[in-house]
Structures are given as structure tokens and as C-alpha cells.
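Working notes, structure below.
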There are 2 protein chains.
Amino acid sequence: MTNTPTDVAPRWLDEEERRAWLGLMGVMRRLEHALDTQLRDEGLTHFEYGVMAALSESPQRELRMSALAAYAEGSLSRLSQVVARLERKGYAHRRPDPADGRYTLATLTDEGYEKIVSAAPGHVAEVRRLVFDPLTKAQVKQLSHIGRRILHAIDPDHSDGDRG
Amino acid sequence: MTNTPTDVAPRWLDEEERRAWLGLMGVMRRLEHALDTQLRDEGLTHFEYGVMAALSESPQRELRMSALAAYAEGSLSRLSQVVARLERKGYAHRRPDPADGRYTLATLTDEGYEKIVSAAPGHVAEVRRLVFDPLTKAQVKQLSHIGRRILHAIDPDHSDGDRG
DNA sequence: CCTCTTCACTTGAAGCTTGAAGTCATTGCG
DNA sequence: CGCAATGACTTCAAGCTTCAAGTGAAGAGG
């Protein structure tokens, strides 16, 4: 069925790799969508949830925008837009860092904290249902390793304590 | 059918699950971005590439829109917009199915075929570099299994060809 | 001081995606 | 045949993301 013709093929994907690739792509596309759908009732996107969750776990529920962008795996530009949205919703607040005016500190408001606390159980339950329940403990461990290796290939200096 | 938004706190994620989750999220966000970046030189998005690749491997390089949407893991609405874009670029063509006017057949033009053939080697090389080179053969196999299980949890009737 | 450069962040415009509503062909039923 | 129902796609308006350009704070050099 396959054997797509090309003139200058590097190493093509073999059957097993193809299966893995389809699986990975499917998960990437469908999981994100499923999580967004679950959070839709809460009026949050999955990315917004991630941002608020990161803030909620930080000291003073506060982080510099650049640090927050790294946690949330998004560009600074995207984060800026999203935090502006969260501010409009009353969930977050921004202020210049008193220690250095070039930095901006994003803070989770009390309302934002309540929001994330009430949304978290449902969200975690969905994550568990879709990702962890179907996997064995060994597979979860494998997934950690696999994820770390791919991330390292994408960005070698992504703060890793990588060991073999 | 609404998900219970709050209620009881379910089982939280343990350390290993947390690591796996961060890995998976990181891969989802960064890999898609990396692939889009690689294909940017070709003037294609990763999703467009997937659509064209699916067509190129089909008989007559032609598929019904709904079938194509399933292959590409996207909504029919999204696909419709994307194929319109590909049509504007001269890479694809649409026509009503002569056998039943409710269906639409999307076809890859010769120009589109040339495009995908010239873009494929670079793209596959990048996929290999980011995903398969860093993994052992055993991990690739694990990834197939893990992906299949998660996909099954997201959508139980998604063509289940599980053989081991 | 004043200006130049760097750095962290924000804004603007364009493009992509989404869910809802709309279109159009075929089928079912009287 | 007429007319509603179904199904497959398309379009629309709104929202989100992106890259590039812009803003403003801190420090360096004169």
C-alpha cells in the first residue's frame, strides 16, 4: 500500500515507525482537542488552564512572563495575549517587577485561584481517563523516557537532568 | 452529557505520571511547532502537508472530503478551508462525485504531486531526526502501543487494528 | 546628563481554526 | 410529482496564534 515514490528518498519510515508516527500524530491532534473540549464548559482553553495552573503552584502565585512562557511551552507573544485575556476575565493581574522594571510579573488573582481549584478535578479526571488509565505503570515510565528524548532532540538545552 | 465539573478530588497525578504528562505536553506543543517551522521554507503547514501526502498515496490521488478529514485528523470544516487554500495554490482540485453529488472528491494536481515529492525527503528527515533517531527500536514499538491505547480511550471506534 | 544598545515584553495586522448556520443533492413518503 | 428529512460539505463571524515591528526600562560609553 505504501512505498511512496520519491526521487531522492532518505531512509523512509518502516512499518513499525509508521505505526508509531500515526499514533503520535493522532494523539497530538486529538488529545489537545479533547482537552479543550473538556475545559470548554469552564470557559477556559487548555493553554489558559496550563498558565493558571503554573501560576497557582508558584510562590506568591506569581511568575515573570518569560518564566511563565517557558512553563507553558508557548511563545512570549502568545503568553502576552493570553494573560491579557485572563486579566479581562479577572483571573490574572500584571505589574512591573519592582526590582527591575524590564520584567513583568503575572499574578493569579483570588478569583483566578478559585477558578483553577474548581476546574482542576474535572480536568485531571479527564487526563487520567484519556492518558493514564489506558496505560500500564511500565508504559507510563516508558512515556516519560520517550518524551524526554524527543524533547531533547527538539531543543538540546531545555533544562534537562537527562540520564540514560 | 456534561462532565461533572467539580465534586470530589480524584486521584492526583503521582511523580512518574507528572513527568510523563510534562513530556507528552512538551512534545505535543514543540513537535508540531518544529514541523511547521521545517515546512515553512516549502510554504506549507504541517497540516497541509498531511493532507497532500494522504492524497498522494490514494488511488487516482483522490479522496472524498470526509475520508480525507479522517486521515488528516481534522474537522471537515477545517479540511474544507485548507483544501480551498490548496486549490488557490494550484496544488489541489475539487469536483462533485459523479456517482453521488452529495460527496466531493479532492484531487491532487500534478503540481501538487511534484510539490509533495520534493518536500517529502526534507520533512521525513526532520521527523527522523526529532523522533526516531533519539529512540531505540524497543521504544518505537512502545510508542506505537501507547499511542494506540490513548487513541482508543479518546475515541473507541477509531478503526481498531490492534494486533499485539 | 545624553545617547546607544540590549533586553523583556506588548501591539498590530494577517492568517488559521472553530462551531454554528447555511447550501445543495439525494432519499423517503404520501 | 411535491415536500420534508438526511447527509456531506461550505461559509460566516468570531476568536486565537503568529511574526514582525514597536515600546520602554536598565546599563554602557562619551
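Atom set for the values below is all heavy atoms of this structure, side chains included, hydrogens, waters and symmetry mates excluded. Proteins come first, then strands; the chains are lettered A, B, ... in the order of their sequence lines, and each starts at number 1.
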[X] side chain: which of [options] is closest?
X         : options                  : value
Arg94(B)  : dT10(D), dC16(C), dC9(D) : dT10(D)
Ser75(A)  : dC9(D), dT18(D), dC9(C)  : dT18(D)
Thr104(A) : dT10(C), dA8(C), dT18(D) : dT10(C)
Tyr103(B) : dA8(D), dT10(C), dT10(D) : dA8(D)

> Which part of the nucleic acid does Ser77(A) contact within heavy-atom distance under 4.0 Å: base, sugar-phosphate only, or nothing?
Replying inline: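 Base contact - Ser77(A) has a heavy atom under 4.0 Å of at least one base atom.
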> What does Ser66(B) touch in the nucleic acid at a heavy-atom separation under 4.0 angstrom: a base, only the sugar-phosphate, or nothing?
Replying inline: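 Answer is sugar-phosphate: Ser66(B) comes under 4.0 Å of backbone atoms only.
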>> I need the CG-P distance between Asp97(A) and dG24(D), as an integer number of Å.
In response: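 Spelled out: CG on Asp97(A) to P on dG24(D) is 19 Å.
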> Does Gln81(A) get its side chain close enough to the base of dT18(D), under 3.5 Å, for a donor-acceptor pair?
Replying inline: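 It does, because a donor-acceptor pair links the side chain of Gln81(A) to the base of dT18(D) below 3.5 Å.
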> Can you tell if the side chain of Met25(A) reaches within under 4.5 Å of the side chain of His46(B), non-hydrogen atoms only?
Replying inline: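 Yes, close enough: below the 4.5 Å cut-off.
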> If you look at every heavy atom in Pro134(B) and Ala153(A), which pair is closest and at what distance?
Replying inline: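 Distance-wise, the nearest heavy atoms are CG-CB, 3.6 Å.
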> Closest nucleotide of DNA chain C for His33(A) versus for Pro98(B): which of these residues is on the 5' side?
Replying inline: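 By nearest-heavy-atom nucleotide position, the 5'-most residue is His33(A).
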> His123(B) vs Trp21(A) aromatic rings, parallel, tilted or perpendicular, using cut-offs 30° and 60°?
Replying inline: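 Rings of His123(B) and Trp21(A): perpendicular, as their planes differ by over 60°.
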